[in-house]
Amino acid sequence: MVELLSMRERFVKDHARIAQIASELIGVLDGPSPPDSLTLSKVRWAFASCLMQHLAIKERHLYAKLEGDDRPEVSQAFANSKADLLRRFDLYTVHMELWPTAKALASWSAYRPKAIEVVKIFTDRFRNEERDLFGLIDRFDIDISTPSPVSLNWTRKAFDVKAKVEDR
């Protein structure tokens, strides 16, 4: 039997999956010496792809609805949240630009703390979303069960990140 999840339940489940992959990535990063290239690439891509898929779905079902809401309290709260998300995502993409896999392996001691920091910005973000954005959904009875047109293409961003993970 297939279990049908509400979008909110799916988001929470995705957050848990991203946290699990983040933990695996941090486990690889905790080593004093670098892993092999394939191991690092695989776990970096697992984190990046799960993150991008999640953001793409969330854009269609949550972010677009909050952004388009006519109530000032909702749209302003989301504007602040979106600015925070874009700031965090910019930090992530800059990190990926600066640290393709080969360079990360070659400068392991410099890469490790920066990578751990950038991974944690998203696990923190999702905890905040569960509190703040899900609170808006509840308080204002916003239906997130159906998709809306989007303004951001997270899937395209994923391919930019993948090139850095694979050192292309």
* Phe11 six-ring centre to Lys58 NZ/CZ under 6.0 Å and within 45° of normal -> yes
* To do: Please work out which of the three classes, parallel, tilted or perpendicular, describes the rings of Tyr111 and Trp108, given edges at 30° and 60°.
  => tilted
* If you count the non-hydrogen atoms of other residues, nucleotides and ligands that lie under 6.0 Å from CZ in Arg88, is the total more than 12? -> yes
Enumerate donor-acceptor pairs with a distance under 3.5 Å from any side-chain N or O in residues 19-33 to protein atoms, sequence neighbours excluded.
from, atom 1, to, atom 2, distance (Å)
Gln20, OE1, Arg17, NH1, 2.9
Gln20, NE2, Glu24, OE2, 3.0

* Structure fact -> Smallest heavy-atom separation, Asp143 atom then Lys65 atom, equals O-NZ, 2.9 Å
* To do: Indicate yes or no: does Lys13 engage Glu9 in a salt bridge with an N to O separation below 4.0 Å.
  => no
* Asked: Just by modelled atom types, is the Phe140 backbone N or O under 3.5 Å from a matching donor or acceptor in the Arg71 side chain?
  -> yes
* Tell me, with the steps shown, if Asp124 and Arg127 meet salt bridge (charged side-chain N to carboxylate O under 4.0 Å, His left out). => CA-CA 5 Å; Asp124 292 346; Arg127 271 194 304 277; 2.3 Å; yes
* Can you tell if the side chain of Ile57 reaches within under 4.5 Å of the side chain of Met7, non-hydrogen atoms only? -> yes
* Between His54 and Phe126, what is the ring plane arrangement, given parallel below 30°, perpendicular above 60°, and tilted in between? -> perpendicular
* Would you please indicate yes or no on a ring centroid separation below 6.0 angstrom for His15 and Phe122? => no
* To do: Would you mind reporting whether Tyr63 and Lys82 have side-chain heavy atoms less than 4.5 Å apart?
  => no
* **Candidates Glu129, Arg131, Glu130 - the one meeting side chain to side chain contact (heavy atoms under 4.5 Å, CB included) with Leu133** => Glu129
* **Side-chain heavy atoms of Ile121 within contact of Val118, under 4.5 Å** => yes
* Between Met96 and Arg44, is any pair of side-chain heavy atoms under 4.5 Å apart? -> yes
* Electrostatic pair Asp90-Arg87, nearest N-O below 4.0 angstrom -> no
* **Validation row: Arg125, Ser81 side chains within 4.5 angstrom (heavy atoms)** => yes
* Asked: Taking the side chain as C-beta and beyond, is there a heavy-atom pair between Leu40 and Pro34 under 4.5 Å?
  -> no
